[in-house]
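Have a look at the structure below, then the notes.
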Amino acid sequence: MLDQRSSNIITVKAHTNIALIKYWGKRNESLFLPMNSSLSLTLDQFYTMTTVQFCKGLNEDVFIFNKAIAGEAETKKVSKFLNRIRKMAGSELHAIVKSINKVPTAAGFASSASGYAALAAAAAKAIGLDVNQTVLSQIARQGSGSASRSIFGGFVEWKKGLKDDGSDCYSLQIAGEQYWDIRILSVLLTTEEKLVSSREGMKRTVETSPFYQEWVLEAEKDLQEAKTAIKERNFERLGRVAEANALKMHATTLGANPPFLYWQPGTLAVVNQVQRLRNTGIPAYFTIDAGPNVKVLCLPENEQVIKEKLLSVPGVRDILVCHPGPGVTYTSDSI
Ligand code: 2P0
């Protein structure tokens, strides 16, 4: 019925998330099914805002990114993702998609998480799919794995599931953004593009690293420990397991063939400073994604002193302070 006319214009805002227990490796690449479950905190600072309208009479999808017509490759990715949504809705309408990204590449956060979460939520609603957030997390996942978690605010678990069709692989909220006021300091070291993308890096690791099987087992144990720590609001317990989990993820890349490492000298300098802070009794823990930048977990009362100490580390360019943030929200703001 929708195909007789154009759809409503729907705008959605979605935030990035930082994994405290990492997603690293797929068991099915086309469906984006992960080898291990993961756990993240959605952040308030960085987001993508996306508007979608399916239009009668349009011959192909149009993608406008940060106010400019996007290149062919980017538009193709969006179209491929929209094809899944069109198929679910039984529609052949093409769409105008406008996206604004408030995720500085320099911050070392993947914008694919907020990007596909916003696109999934806006496109599903615009095309008239009546889906809950669980299903939305499954749709977003098929654009980028970590996008599955950005559907929800606060602490989020992405369950790996066991089924081949991915029907039991989805994200859910463990605790809302008001539950626990912890901080993530995003330490900016470099804006250089990394040599191995996370998609390629996880694939190479799954296929070649002798440490990979152990990673999968450890990640499941770490996840349980993190969930207990969140339940207890035990900061040290959460920080310890998040830091250890990140190190285990990076250890798998050293065993890959060819081996690779996302760290740069500044990465290690920040890691050392965090450890020094802990030795002086200040609770701070680090995590590192598939890149050189470091994120530091801390409590509000220690934010200032930790920020100062980290800013004095050679190579640190800036520090952005993040709080727990919300899940996808529909808005009438225009972009
Ligand atoms: C995470 N990362 O859990 C992990 C930790 C990077 C390191 O999710 O291939 O952009 O699109 O599913 O989600 C980055 O990988 O990869 C990521 P795809 P994605 O946040």
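As the structure lists them, so they are numbered: ligands from 1, and atoms in each ligand from 1. Note that the structure is predicted; figures quoted are calculated from it, not measured. Numbers here simply count residues along the sequence, with the first being 1.
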[X] neighbourhood, listing ligand 1 atoms whose heavy-atom distance to it stays under 4.0 Å:
X	result
A19	1 (C), 3 (O), 20 (O)
D289	5 (C), 7 (C)
M202	15 (O), 16 (O)
K22	3 (O), 5 (C)
F32	11 (O), 12 (O)

Fill in: R141 NZ/CZ over Y170 ring centroid, <6.0 Å and within 45° of normal
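The answer is no, since R141 fails at least one limit relative to Y170.
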Looking only at side-chain N and O atoms, does [Y] offer a donor or acceptor that is under 3.5 Å from a partner on [X]?
X	Y	value
K22	T287	yes
R86	N83	yes
S112	S144	yes

Practice prompt. May I have the step-by-step check of side chain to side chain donor-acceptor pair (under 3.5 Å) for N101 and T48, ending in yes or no?
Written response: CA-CA 5 Å; N101 224 10; T48 304; 2.7 Å; yes
Is any N or O atom of [X], backbone or side chain, closer than 3.5 Å to an N or O atom of ligand 1?
X	answer
W24	no
K26	yes
G145	yes

Item to complete: Quick one: closest heavy-atom pair of L136 and Y330, and the distance?
Response: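 The answer is CD1-OH, 3.9 Å.
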Worksheet item: Would R149 count as a contact of ligand 1 if the rule is a heavy atom under 4.0 Å away?
Response: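 Flag set, R149 near ligand 1.
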Worksheet item: Below 4.0 Å from any atom of ligand 1, is there a heavy atom belonging to S38?
Response: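 False for this residue.
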Discussion item. Is the shortest side-chain heavy-atom distance between V241 and Y285 below 4.5 Å?
Written reply: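 In short, these two side chains do not touch, never coming nearer than 4.5 Å.
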Residue and atom name of the nearest protein heavy atom (relative to [atom]), distance in Å to one decimal:
atom	result
atom 15 (O) of ligand 1	S198 OG, 3.3 Å
atom 13 (O) of ligand 1	S146 OG, 2.7 Å
atom 2 (N) of ligand 1	Y23 O, 4.0 Å
atom 19 (P) of ligand 1	S144 OG, 3.5 Å

Worksheet item: Got a salt bridge between R204 and E200, using NZ or NE/NH1/NH2 to carboxylate O under 4.0 Å?
Response: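 Salt bridge between R204 and E200, a charged N being under 4.0 Å from a carboxylate O: yes.
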Discussion item. In terms of relative ring orientation, are Y262 and H250 parallel, tilted or perpendicular, with 30° and 60° separating the classes?
Written reply: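 If you compare the ring of Y262 with that of H250, the planes turn out perpendicular.
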Discussion item. Please determine whether salt bridge (charged side-chain N to carboxylate O under 4.0 Å, His left out) holds for the pair D222 and K248, giving the CA-CA distance in whole Å, both sets of side-chain angles, and the decisive distance to 0.1 Å.
Written reply: CA-CA 10 Å; D222 290 347; K248 286 175 210 172; 3.1 Å; yes
Item to complete: Pick one of side chain, backbone, both or neither for how S112 approaches ligand 1, counting any non-hydrogen atom pair under 4.0 Å.
Response: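 The answer is the side chain of S112.
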